[in-house]
Amino acid sequence: MNIGKLQNTKKNNNRVELTFEKSKIYLEVITENIVRVLNPCWKEDYESIAIEKDKSVDTDFNFEFKSGKVCLTTSSLKLEIGDNFTFTFIDKNGIELLTTYSGERKLRQTLSEKSKKLLEAEGHDVADENKDYKVQVLFKRFGDEYFYGMGDKTGFLNKNGYKYENWNSDIPQLHHENMPALYKSIPYVMVKKRSGQPFGLFFDNTFHSYMDFSKESSDYYYYGADNGNLDFYFMIGDKLPDIVEEYSYLTGRAPMPQLWTLGYHQCRWGYESAEDIRRIAHKMRENKIPCESVQYDIDYMEGYRVFTWDEENYEPKGELIKELSKDGFKAVCIIDPGVKKDEGYFCYDEGVEKDFFAKDTDGEIYVNEVWPGDAVYPDFGRKEVRDWWGENHKRLANMGMQGIWNDMNEPASFRGPLPLDVQFHIGDRLTDHSEVHNVYGHFMSKATFEGMKKITGKRPLVITRACYAGTQKYSAVWTGDNQSVWSHLRMLIPQLCNLGMSGFTIAGTDIGGFGGDSNPELLSRWIEAAAFCTFFRNHCAKGQIMQEPWEFGNKTVDIYRKYVELHYRFLPYIYDLLRISQETGAPVMRPLVYSYENDPNTYELNDEFLVGDNILVAPVVEQGATKRMVYLPEGTWVDYWTKERISGGQYIIADAPLDVLPMYIREGSITPMYAPVQYVGEKKYDTLELLIAGDTAYGTHYQDNGEDYKYLDGEYNMYSFKYADGKLETTMEHEGYERYDDIKVVRI
Ligand code: GLC
């Protein structure tokens with residue numbers, strides 16, 4: 001960065017101002033492990049959207065400016081800065097972790113017009129992002145880095161060799177391995193080097209940005225953005241979980257969900273009438289497949305007008321919801337941001353009257369097209385717009401709607417993308433689409449969460465497709481329009497593991513695939529791979545063959561039921577992990593490297609994962625396979641099905657006929673389980689089962705009413721268990737809720 005010599009410095013509490021010849025740079029010591037670096041090339045007083053409160057704590061640090069160099073030291077890290085803003089972060093053992101690259105980018109040769117034409121003629125995409133960015137920083141590649149995080153990006157667990165963009169994109173086409181962007185923008189990467197401590201980088205900039213992990217050159221990796229500041233947080237830790245903890249400390253953690261929301265959901269776009277929904281709900285019960293909701297996709301609305309109900313096809317308001325609730329079904333419906341441009345429709349009229357919709361530069365309300373035809377876009381960055389949107393949910397909640405699924409909030413548009421200069425706000429500040437695009441889904445989810453929380457008093461279920469870093473505080477996510485292909489089944493493992501390490505502990509994929517036709521084998525393997533997902537829903541698109549398990553015959557129904565039941569057995573464990581996640585940000589579904597980072601065999605394991613610390617899951621993700629290689633890390637692992645004890649630190653060949661999901665329990669662990677039910681609330685959970693692996697084992701368990709916020713006032717139990725010499729010892733770490741009648745030991 002050509003900003004000249006470092007001339008002087010000023011320290012003010014935890015903030016240090018560095019004056020270079022041409023620019024200022026600010027350093028902020030947030031904690032001993034987190035330093036913010038801000039080059040305000042756009043705006044000095046930028047208020048973060050991802051990080052909502054001041055997270056800095058009083059921290060001792062040393063600061064020196066000597067011979068033209070700055071050196072900032074906390075108890076965990078050292079940062080050296082020189083002229084032209086060259087800098088190096090060093091760990092406490094003196095190992096350089098991150099340092100600016102001093103050379104130029106090796107841009108590719110630009111295509112000649114002739115070559116472009118030729119490529120275009122055959123249908124190649126010749127759009128070429130081959131330029132230096134307005135905001136740009138290059139980091140030297142030491143060569144031993146592994147890159148994790150980045151949210152929902154496609155490809156493998158380790159992002160090495162890929163370039164990604166942060167620009168929320170509605171992609172109905174096949175999500176292939178090297179897709180630059182999908183629906184979510186989470187500019188956060190964790191870097192693990194073979195030497196030195198792991199670290200994280202969060203680039204807090206909502207404009208279109210780019211992250212290249214040595215795709216362009218093995219000499220460097222880089223971050224670039226079209227606008228905004230260079231504003232990043234460097235986070236250091238002894239191990240990867242520390243980085244996740246720090247990142248989630250900054251951007252927030254997923255709040256406790258209601259227990260039922262973690263159960264199974266069935267969906268299709270479209271179940272086109274009340275009769276369809278009722279039939280599917282009954283079939284779920286007839287087939288004894290546990291199920292919480294049959295979700296309402298866009299067809300339930302009157303002409304795709306949000307917050308309305310089509311009484312002709314979906315029966316009088318609230319009746320179907322009430323009827324199905326008698327059989328334990330909860331209602332969840334989709335809400336899109338696009339409001340139909342239609343005079344006389346309350347939502348449009350109110351929004352116009354209150355001046356709540358985004359405008360073009362001439363001051364006219366901006367119109368594009370989504371499901372209802374011409375549609376306008378609420379200006380969600382304004383609090384009053386969010387409050388209004390939130391309150392509108394009363395119309396649904398009063399009918400009994402309990403969960404809201406936010407879609408198309410990239411925002412999607414059918415008549416070409418929204419121009420970058422469409423006028424939006426962030427708070428009171430007028431800005432445009434180029435800044436708001438990546439946080440549009442974030443603000444919409446926030447509006448939905450806060451509205452539903454106020455209306456129902458319960459922990460809201462919000463599911464969103466588009467989001468930014470920090471949206472996990474308001475919403476669960478799903479990975480959008482995947483397809484019924486094996487590559488998408490395979491991809492769900494790295495995708496959900498990376499989402500989990502990027503703060504999104506409640507996440508899932510459309511089981512069976514959204515687009516394309518599923519088949520018995522694929523659906524069976526998918527329900528197995530998804531059995532521990534925190535958002536657990538089968539969903540598919542109009543025009544595809546039906547995707548409910550009974551469409552594929554009895555054998556598929558049996559396998560499907562087996563794994564939905566397995567999910568319900570481990571529901572208390574998943575719930576426990578989410579409780580822990582509130583404290584530490586630890587993901588539920590985690591790659592092996594997260595827990596075994598000293599073992600290089602785990603660094604690029606794309607096809608197996610851990611659920612918490614206790615369970616290792618190795619789904620079959622290859623068509624036709626009935627055996628697979630499984631890597632077991634150190635320790636002893638117990639095959640869940642055969643009870644065989646296997647030493648870790650080795651690859652094994654697991655038997656996996658179509659109805660078997662290879663899974664292993666860590667010896668020495670205690671895992672809480674419930675007997676499966678048809679839905680949460682069917683019976684009181686009065687018995688806890690403990691799966692005890694080994695002769696000596698330890699575990700904990702959290703219990704509350706699974707619904708509201710009383711746990712924050714102490715209405716919960718925290719148990720800790722020790723099993724030794726054939727006896728279970730239970731200690732109540734906290735007692736504030738009705739205890740189980742019985743705790744049963746199940747030995748494995
Ligand atoms: C989008 C969503 C999909 C939904 C459909 C209709 O494609 O990703 O889940 O079913 O819109 O609402």
Side-chain angles (χ1 to χ4, degrees), residues 151-152 154 168-175 179 181-184 265-273 276-277 280 293-310 313-314 331-340 368-373 375 377 396 401 403-414 417 440-441 444-445 448 461-467 471 475-485 488 491-492 495 499 504 507-518 526 530 533 535-548:
D152 67 339
T154 55
N168 292 354
S169 306
D170 172 17
I171 313 267
Q173 298 79 16
L174 191 80
H175 302 165
M179 207 102 228
L182 278 181
Y183 309 89
K184 303 170 180 61
H265 306 271
Q266 180 63 46
C267 195
R268 178 181 176 86
W269 173 41
Y271 297 136
E272 289 183 355
S273 64
D276 274 358
I277 300 260
I280 298 296
S293 78
V294 180
Q295 304 197 336
Y296 296 86
D297 204 326
I298 49 174
D299 292 307
Y300 79 87
M301 297 179 232
E302 233 178 24
Y304 309 113
R305 290 172 187 84
V306 285
F307 305 115
T308 66
W309 186 262
D310 173 359
N313 292 308
Y314 281 81
V332 178
C333 73
I334 198 165
I335 286 286
D336 294 335
V339 172
K340 186 175 174 71
N368 202 311
E369 185 187 332
V370 219
W371 306 120
Y377 294 81
L396 300 165
M401 202 59 75
I404 306 291
W405 159 27
N406 283 167
D407 188 26
M408 307 297 274
N409 48 1
E410 292 70 33
S413 49
F414 298 165
Y440 195 72
M444 183 189 187
S445 311
T448 310
L461 167 66
V462 183
I463 310 148
T464 186
R465 193 170 73 173
C467 64
T471 312
S475 186
V477 292
W478 95 106
T479 57
D481 296 348
N482 62 1
Q483 302 213 10
S484 305
V485 293
H488 280 190
M491 194 166 71
L492 78 81
Q495 215 175 10
L499 267 167
F504 290 86
T509 59
D510 284 345
I511 294 168
F514 177 74
D517 296 330
S518 208
W526 211 305
C533 280
F535 180 58
F536 190 44
R537 181 184 75 172
N538 175 329
H539 181 40
C540 84
K542 273 184 200 287
Q544 320 304 324
I545 59 172
M546 301 298 284
Q547 201 164 275
E548 299 77 25

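All of these numbers come straight from a predicted model, not from anything done at the bench. Just so you know, these numbers use all the heavy atoms, side chains as well, and skip hydrogens, waters and symmetry mates. One-based numbering, in listed order, for ligands and for the atoms of each.
The distance from ligand 1 to the heavy atoms of R465 drops below 4.0 Å at these ligand atoms: 1 (C), 2 (C), 7 (O), 8 (O). Which parts of ligand 1 touch I334 is read off a 4.0 Å heavy-atom cut-off, strictly below it: atoms 12 (O). When each atom of ligand 1 is checked for a heavy atom of H539 under 4.0 Å away, the hits are 3 (C), 4 (C), 9 (O), 10 (O). Below 4.0 Å from some heavy atom of I298 lie the following atoms of ligand 1, by number and element: 6 (C), 12 (O). Shown in contact with W478 at under 4.0 Å from a heavy atom are these atoms of ligand 1, numbered in order with element: 8 (O), 9 (O). Under a 4.0 Å criterion applied to the non-hydrogen atoms of W371, ligand 1 contributes the atoms 6 (C), 11 (O).
Protein heavy atom nearest atom 10 (O) of ligand 1, with residue, atom name and distance: D297 OD2, 2.5 Å. For atom 7 (O) of ligand 1, the nearest protein heavy atom (residue, atom name, distance) is D481 OD2, 2.7 Å. Nearest protein heavy-atom neighbour of atom 11 (O) of ligand 1: D407 OD2, 3.0 Å.
Comment: R268 does not engage E548 in a salt bridge, judged by the lack of any side-chain N to carboxylate O separation of less than 4.0 angstrom.
Only the side chain of W405 comes within 4.0 Å of ligand 1, judged by heavy-atom distances.
Here the straight-line distance linking atom CD1 of I545 with atom CG of D517 works out to 4.5 Å at 0.5 Å rounding.
If you check the side chains of W526 and T509, you find a donor sitting under 3.5 Å from an acceptor.
Checked against the 6.0 Å centroid criterion, the rings of W478 and H265 do not qualify as a close aromatic pair. The ring of W371 has its center closer than 6.0 angstrom to the ring center of W269.
Test R537, H539, Q266 against Q295 for side-chain hydrogen bond (donor to acceptor under 3.5 Å, both in side chains) and you get one pass: R537. Of the candidates D407, N409, N406, D336 forms a side chain to side chain contact (heavy atoms under 4.5 Å, CB included) with just one, namely D407.
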